[in-house]
There are 2 protein chains.
Amino acid sequence: MKQDLAEIKGEIFTAMGHSNRIRILEFLKDGEKCACEIVPALEIEQSNLSRHMKILVQAGILNSWKEGQKVMYEIADKKFIKILDDISTILKNRIQNRMKVLEEL
Amino acid sequence: MKQDLAEIKGEIFTAMGHSNRIRILEFLKDGEKCACEIVPALEIEQSNLSRHMKILVQAGILNSWKEGQKVMYEIADKKFIKILDDISTILKNRIQNRMKVLEEL
DNA sequence: TGTATTTATGATTAACTATTCATATATTAA
DNA sequence: TTAATATATGAATAGTTAATCATAAATACA
């Protein structure tokens, strides 16, 4: 199981590489939530959510702990939020640049 | 083909979710390169590299253009480099935090 | 023109991923 | 103890991804 840095980085991006996992991370931006809050909010089937959460925890993107019968989740590092915001900016710029091209016609 | 933002973001992270594609992006950090430079530098089989490059271009992470018989590639937005650097920082911090825990024993 | 160089792609195969349903496990509350 | 709530997981299935080999296509070069 010898892993170089590129492999670990790849695993982090793979874990972020799903629309529902993006939605989950954005839902967790402003603080910890339990799975039971995420299921109805994002309309993801319970067993499916459980597996998505496992992927995010295993990649070290989320911390999780138990509170009674609930399992709580939070984003493990604020830099993940920054990365999500940067991706939003990249997409915004893409759209703006396409608009500029259209205006020049 | 109705796509919301989370889906597009997911596609970008999926495109970055492979160790060889991370290596390719890091190799392109300091400027444009042709495929024929990447193949020997990263020791990726030519047809395999061609497919990895296609994935990165289709996700909008790389720009590509032809120069004679060569195909050139460059990172489409400096923010992708920033994201890669942020991931490196996250991993560095992870290791440091683990060290701290050990020191406290 | 024929040859070398560079890149892309069809076909195949193996491995991995996501989803669902049913059910198990753990915790709390009655 | 029984029921309700919250979460995890085995099994099945469909779909996707990565890698490889052989070969095609495009360009440059002698």
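Bear in mind the structure is a predicted one, so any value in this text is a computation, not a measurement. Each chain gets a letter, A, B and so on, in the order the sequences are listed, and its residues count up from 1.
For B:N48, no side-chain nitrogen or oxygen approaches OP1 or OP2 of D:dA18 to under 4.0 Å. OP1 or OP2 of C:dT9 sits under 4.0 Å from a side-chain N or O of B:K54.
Per the geometry, NE2 belonging to A:H52 stands 16 Å off P belonging to D:dT7, to the nearest Å. Between B:Y73 atom OH and C:dT6 atom C1' the separation is 10 Å, expressed in whole Å. What separates CZ of B:R51 from C1' of D:dC21 is a distance of 10 Å, to the nearest Å. As rounded to whole Å, 13 Å separates atom P of D:dA6 from atom CD1 of A:I38. If you measure from atom NZ of A:K70 to atom P of D:dT5, you get 12 Å, rounded to the nearest angstrom. Rounded to an integer number of Å, the gap from CD of A:E45 to C1' of C:dT19 is 8 Å. For the pair B:L49 CG and D:dA19 P, the interatomic distance rounds to 11 Å; values are reported in whole Å. One can place CD of B:E37 at 14 Å from C1' of C:dT7, the figure rounded to the nearest angstrom.
Of the residues near DNA chain D, A:Q69 and A:M53, the one whose nearest nucleotide (by heavy atom distance) lies more toward the 5' end is A:Q69. A residue-by-residue look at A:G68 and B:Q46 shows that B:Q46 has its nearest nucleotide of DNA chain C further toward the 5' end.
Environment of NZ in A:K33: crowded, with over 12 heavy atoms of neighbouring residues, nucleotides or ligands closer than 6.0 Å. The local environment of NZ in B:K54 is sparse, with at most 12 non-hydrogen atoms from other residues, nucleotides or ligands closer than 6.0 Å. Under a cut-off of 6.0 angstrom, the local environment of NZ in A:K92 is sparse, with at most 12 non-hydrogen atoms contributed by other residues, nucleotides or ligands.
Nearest nucleotide to the side chain of A:V71, out of D:dA18, D:dT7, D:dG10: D:dT7. The side chain of A:S47 has C:dA22 as its nearest neighbour among D:dA26, D:dT7, C:dA22. Taking every side-chain heavy atom of A:H18 into account, C:dT19 is the closest of C:dA8, C:dT19, D:dA26.
Classified by interplanar angle (parallel below 30°, tilted 30° to 60°, perpendicular above 60°), the ring pair B:F13/A:F13 is parallel.
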Please walk me through it: do A:S19 and B:K9 pass side-chain hydrogen bond (donor to acceptor under 3.5 Å, both in side chains)?
-> CA-CA 7 Å; A:S19 56; B:K9 290 176 194 172; over 6 Å; no

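Residue contacts for A:I55: at a heavy-atom cut-off of 4.0 Å it reaches the sugar-phosphate backbone alone, with no base atom in range.
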